[in-house]
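Naming convention: chains lettered A, B, ... in sequence-line order (proteins, then strands); numbering from 1 in each chain.
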Amino acid sequence: MRRTVAIILLVGTATGVALCAVATVLYAVSSHHASKVAALGVFALFGTPPLRLAAVARGFLAEREPKLALAALVVLSVLLCIALRAALNFRL
Amino acid sequence: MTALLLAVVGFGGGLFGALMGVGGGLVVTPVLTHFAGLRFSQAVAVSLTAIIVSSSASSASYVEKGLTDIRTGVVLELATVAGAVVASLLAAMIPQALLLGLFALVAWYTALASWRLRGRGGEGQTAGEYPVHHWGAGMAMSFAAGATSGLVGVGGGFLKVPAMSLVMGLPFKVATATSNFMIGVTAAASAYVYAARGELDLAATAPTVVGVYAGARLGSALLPRISSARLQGAFAAVLAVIGTRIALDAWSLLR
């Protein structure tokens, strides 16, 4: 489980940060694509915590730890509810 | 020039966050308001995004090294999320100045306790090799950390680290790594709300998170090499500053 969670954290963050780095350069040259690229980067960053919660829940299920898996799923559900509510009136 | 300043500030916040188990909002938010011209709510939104990056970047390393206690973290996350939800529901009914004053007292008390007990937790750097006790008190402090996050938009690491290290018996570095693992989720919940309100300034966020990522990766490489006593001493000093900052926020609300 640790390896999967670490990979999700690393890939999610590196993708988001790489897009934000590109956006920073685009902002510097006043490109009108800058905000779109930055928004994609932020989207990748925002998506990382729920993905790692899902990986943790799956990992605990595989390790036959249903209570810990349930705890992770409850936290994931709350986070997704907040995200869904926010997504309904997203104004970047 | 502003982008460079934001990247440098982000680097400091990420480094600080990875080493201390707190999000680094204390470093990032004031600089964004005073030097980058952002409104406080916009600065908090960028800071929350920075906390997600700091948490994820450092945790990627800590989880793989076995420093993060995922079991304890997942259980405490339940209390944290419950605290955040309850606080957001009751926010309008609770006098915020009173709550902030209480949090300031807790921060100062914890700073004193961390300073006096520094070095006593040992140099343990592997999750699971210790008995975890006082779950009730740890859950209560995590609930309070979540409530603080819901009310003032921070990660709450300044309560989670002492809850795990001073109350539940986790070695300090494991507590730091586990707090880092948890604060990303707490910060994400608040960050979604701020972004939905249109408070997230993308032009300020982009360079800040690049700096945070670099700082957090460096911090996660340095953590295993620094003694726990030294880290705890630094953490105590940081807590005293956080306590003072929260007390000033409470005072400004009362005026």
### Query
Looking only at heavy atoms, what is the nearest atom pair of B:A60 and A:A6, with distance?
O-CB, 3.4 Å
### Task
Kindly give the heavy-atom pair with the smallest separation between B:I52 and A:P49, and that separation in Å.
CG2-CG, 3.8 Å
### Task
Would you check if the side chain of A:R2 reaches a backbone N or O of B:E64 as a donor-acceptor pair within less than 3.5 Å?
no
### Message
Given 3.5 Å as the limit, does a donor-acceptor pair link the side chain of B:Y192 with the main chain of A:F46, or not?
### Response
yes
Leading residue by heavy atom contact count with chain A [cutoff under 4.5 Å; candidates [options]]:
options	value
B:V193, B:T208, B:V209, B:V212	B:V209
B:A57, B:A203, B:A216, B:A189	B:A203
B:F181, B:Y62, B:Y213	B:F181

At a heavy-atom separation under 4.5 Å, does [X] approach chain A through its side chain, its backbone, both, or neither?
X	result
B:L78	both
B:S59	both
B:V81	side chain

### Query
Around B:H133, counting heavy atoms of other residues, nucleotides and ligands shown, do more than 12 lie under 6.0 Å from its NE2?
yes
### Message
At a 4.5 Å cut-off on heavy atoms, which part of A:V17 comes close to chain B: side chain, backbone, both, or neither?
### Response
both
### Query
Measuring heavy-atom distances to chain B, does A:L53 have an atom under 4.5 Å in its side chain, in its backbone, in both, or in neither?
side chain
### Query
Just wondering, do A:L76 and B:E77 contact through their side chains at under 4.5 Å, heavy atoms?
no
### B:T49 side chain reached by A:L45 side chain, heavy atoms, under 4.5 Å
yes
### Task
Using the test side chain to side chain contact (heavy atoms under 4.5 Å, CB included), find all partners of A:L68 that sit at least two apart in sequence or belong to another chain.
A:F60, A:E65, B:R71, B:V75
### Query
Nearest 0.5 Å, what's the OG-CG distance between B:S61 and A:L9?
10.5 Å
#### Entry: Proximity of residues 25-35 of chain A to chain B, residues having a non-hydrogen atom under 4.5 angstrom
A:Y27, A:S35
### Task
Might you work through the side-chain contact (heavy atoms from CB on, under 4.5 Å) test for B:V74 and A:K67, ending with a clear yes or no?
CA-CA 10 Å; B:V74 162; A:K67 285 180 185 171; over 6 Å; no
